[in-house]
Every structure is written in C-alpha cells, then in structure tokens.
Amino acid sequence: MSNSQNLIPQCPAALAAALRVVPLAPLSLSLTVFSRKIAKNHPDLFQRLGEHSRTAFVLDPTDLPIVLCLDPNDGMPKVKLTRGRGTGAARISGPLAALIGLVHGAFDGDALFFSRDLVIEGDTGAALALRNAIDDAELDLSHEAAALSGPFARPVQRLIALAERQTGLCLTRPEDVAIW
Amino acid sequence: MVMEIVCPAGTPAALRAAVKAGAHTVYCGFNDETNARNFPGLNFNRNEMRAGIAFAHEHGSKVLVAINTFPRAGDEAIWQRAIGDAEICGADAVILADPGLLDYATRTHPRLRRHLSVQAAAANADVINFYAETFGVKRVVLPRVLSVPEIAAINSETDVETEVFVFGGLCVMAEGRCSMSSYATGLSPNMNGVCSPASHVEYREDQGVLDARLGGYLIHRVERGEPAPYPTLCKGCFSAGEKAGHLFEDPVSLNAEKLIPQLQKAGVTALKIEGRQRSKSYVAQVVRNFRMAVDALDAGRPMPEGMLARLSEGQAMTTGAYKKTWR
Ligand code: SF4
C-alpha cells in the first residue's frame, strides 16, 4: 500500500451509515446552493476550467456509499448526490479525506495520484483542469459555509472545528507555512 | 553572489506561493499555445499576469514570461501579441525560442530583456554568442544534455548568463527537437506546448492492474501497489526486438542539489526548477529548500542534504547529464 494511505484518515463509519438511508435530494439542493455561492465568490475557479466548463464530473469518495455529480454548467454549478456510480465524463475517486484535503491544499494532488490514493478515469484533461482550478482557488470550505450561515456563522465554524477534531478530516484550509 | 533561484508557476496562487517561499525569480506563461506548458486549467490570462507580476515586484521578485513555442505559419500574430502583452504587464524578461520571434522582439520591443529558452537547444558557445550578437539575448537556458565541464567550457567563452535545470521532470531529447508526442497524438511541445497531452491520456484499472494509454497506445501497465505512471512517451515501456522495458529513459526525475557548488564554480548564474504543472504546495516546498541551499552556499555554511527526496513521489532521482555516467 502507498505511504500516503497511512496518513489519510478514514471517513467515520457513522457518516457512511447515515448516507445509506438519508434522502439525498435535500442534500443535493443544499450542495448546489453552496457551490453557487462558491462560484460567486471565486469566479476564476470556473473560468479556469476553460473548455471543460460544461464537463460533467463524478467525485467518488470511496469510503462513502454515495457519489457527487458536479456539472460546472458555465459557472452556475449543479450538484447531485447519488447512490450509484453516477455518470460524468471524468471520474475522480479516493477517500473523502483525500478529496477534501486536496481542496484545502493539505495534500498534493500529484502525490495522491502517483500513490494511487486518487484514481482518475475518463477525461484526464478535464480532471487535470479541475485539479489546477481548485489548486489556484485556495478555497476554505468552512469559511464559505460560515459565510452562508449569516448570524449562525460563529456556531457553524465551531461545529466544523469540532467535526474536524473528531474525524481527522481536513475541513478548513491550513496555514500555508504549516503545509510547506 | 548568491545564485538565482528561478521557479515555476502554473497559476497565480503558485506564483504567490513561490514568491513567499523565497523565489528570486518566477517564470510563467499565458494561457494559450504560446508557452510550452499549455495544460488544461493552467497559466495566466492577461489580467492575472499583470497582477502576478505586480505582486512579485512588491515582494522583490522578478517574473519571466515564457513564450517559447514555435509560431504556426500564418498565425505569428498570436505569438507577437504575447510579447507585447508581456511587456505591458511589466515582465522582467521574455523567454523565447524561435529566431523569427527573437527578431520581432528585438526590433519592436528593444527594451524588453530577452532570454533564450531551453527549447532553442543552444548547446555550445558559438550558437549562444550568435543569439547574443544578433538578438541581444542576455541569458540562455541550457539544454539538459550537458555535463558540468561542458557548461564550464561554455561559460568561459561567452558573456551571456547561463541558467540550468536543477530539479523536476527530465526531457531526454535535445529540447525543441523531439516530435514523439506528435506521432502519438498530433500535438507536440514545440508547436502546441504539450508533450503527451492529458486530453489524449486514458487510465483503465482492472483488478488492481492499471493501464495508462496515450492516443490509444498502451504506454505503461503497473501492478497493484505500484505507483501510477503518467504516460509521457519517452518514459514509457516499449518492446523492440527481444527487449522490453524503458527503452528511451527510466522514469527518473532530476535532482542536482548536490551539484550546486560545482555549477556555481562552472559560472552558472541561475538554477531553474521544472514544474509549472505542479501544485502550489509542491512548488513552495521545492523553492524553500533550494533557497536554503543557495543561501547556505553563499554564507559558506554546509548545504542541507537530501532535503528533496520526499518530493519525488517514490521516483528515482538522477543528476542527469551533469554527471555523464550513462553515456
Ligand atoms: S517525449 Fe520526452 S523527450 Fe520528447 S518532448 Fe516529451 S518529455 Fe521531452
């Protein structure tokens, strides 16, 4: 097994179990709203996709029973969670912690790919464009979520910090120097 | 004088990271076929370039703009516009390979400093001096086919500054002259800025065995637990006659950190890091380490050793042609 596998935390079994039963439509809707907020705050992210700004991506957290289908839709993204394999031109699979860690720059995408913790199928060019766009956007999902929560921003951030400590998932963007 | 570290940046975020990590100089390109790393999602539009250069200048770093592919007949204006825009954006120099483009830059943008790209494959003092006399080239990026004594010989016969690659992927052919990617995909680094482009790459995994294809050709097959390969043509596995294996080159990456003192003695001005396609955290780590190394050398302290091994993703490291044991 790869080296990085040892360092990538496994997603909590309770989350996987919950996602086996909860209805996915409301979650998909919330994630669509969330992704549109991100698109508004980071227009460069979707511009950077260039010719792939309408390519359908499947993000497959291999330790969860769902996949996330992302249609960038020229900067008006749509997200759909589904319990099958999902359909899309490019599929990126790996543990949830690796996928989120990649967004937050906690892991190097190439290192995850070479170690086979991350698997790319389908349109490799599109997957590469998404990787590069995300690397440039310097997203902090907890920040974005807090900003969306209005008066509840503080408690939401505290909740995320607690979840981060409990699960070991990298839910916020670490300080650059800490990574380097 | 401390040796100059020249770092890659594929995105504005990588540029800022390289500058903050201590890069003296950053090189990057526009998001089109005018530069030799025309990858999806990479590079700078005009506004990003202007802002990136301003950021670098505020922090005391320089920015070089690579316009180092060869213009297509009838479309020269795309490359010429890139030169003009680089100057407007405030670039400290442009890195060019095509003699026609060098001539254009010399005539129309005389104040814009010109560097000769590795893509020009200038590998002896005569040709370097020709570029200097004809086009006012101030620096040459040497191809990765020269040994340290050969570099020293070049420096003794020219006043043009020399810049050499010290870390990252290796291009085994004399740069600007390899057409292997064209045969498999119709696209080459020289004309389109891509070698073995991702748009033509296909991975298929079956029961742990991973196939990597380029343009439909199987270039690599690895077993479960082995690192995933990128199907760069010269690093692929081929069978020819009785033999099968890495016929052109083993998939090794360059690390000449131990040779920095020798390169300095050979008269090299600047050390170049390959990898505009790499993530910003990778770029920052490599920059930080090389900056520490040249600062230590300048201060007469022992150089930190083996600092970059963990960044090679398990790939073997080589000192390439600088120590020509393989010839
Ligand atoms: S095939 Fe290899 S030698 Fe040829 S351009 Fe590509 S990386 Fe360089």
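What you see is a predicted model; the values in this text were computed from it and never measured. Each chain gets a letter, A, B and so on, in the order the sequences are listed, and its residues count up from 1. Just so you know, these numbers use all the heavy atoms, side chains as well, and skip hydrogens, waters and symmetry mates.
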### Between A/H143 and A/H104, ring centroids under 6.0 Å
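Ring centres of A/H104 and A/H143 not closer than 6.0 Å.
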
### chain B contact via A/L128 - which portion, at a heavy-atom distance below 4.5 Å
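Contact with chain B: backbone and side chain both.
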
### Check: A/S53/A/D74 side-chain N/O donor and acceptor closer than 3.5 Å
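A/S53 vs A/D74: donor-acceptor pair found between side chains.
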
### Neighbour count above 12 (heavy atom, 6.0 Å) for B/K235 NZ
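Check passes, neighbour count above 12.
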
### Query
Given that the side chain runs from C-beta out, which part of B/L15 has a heavy atom under 4.5 Å from chain A: side chain, backbone, both or neither?
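Neither part; nothing is under 4.5 Å.
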
#### Entry: Which portion of B/N31 sits near chain A, non-hydrogen atoms under 4.5 angstrom
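For B/N31, neither part sits under 4.5 Å from chain A.
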
### Contact leader toward chain A among B/P12, B/P229, B/G41, where contacts are heavy-atom pairs under 4.5 Å
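Looking at each option in turn, the highest pair count goes to B/G41.
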
### Query
Do B/V166 and B/F290 pass the side-chain contact (heavy atoms from CB on, under 4.5 Å) test, and can you show the C-alpha distance, the side-chain angles, and the key distance before you say yes or no?
CA-CA 9 Å; B/V166 283; B/F290 270 98; 3.7 Å; yes

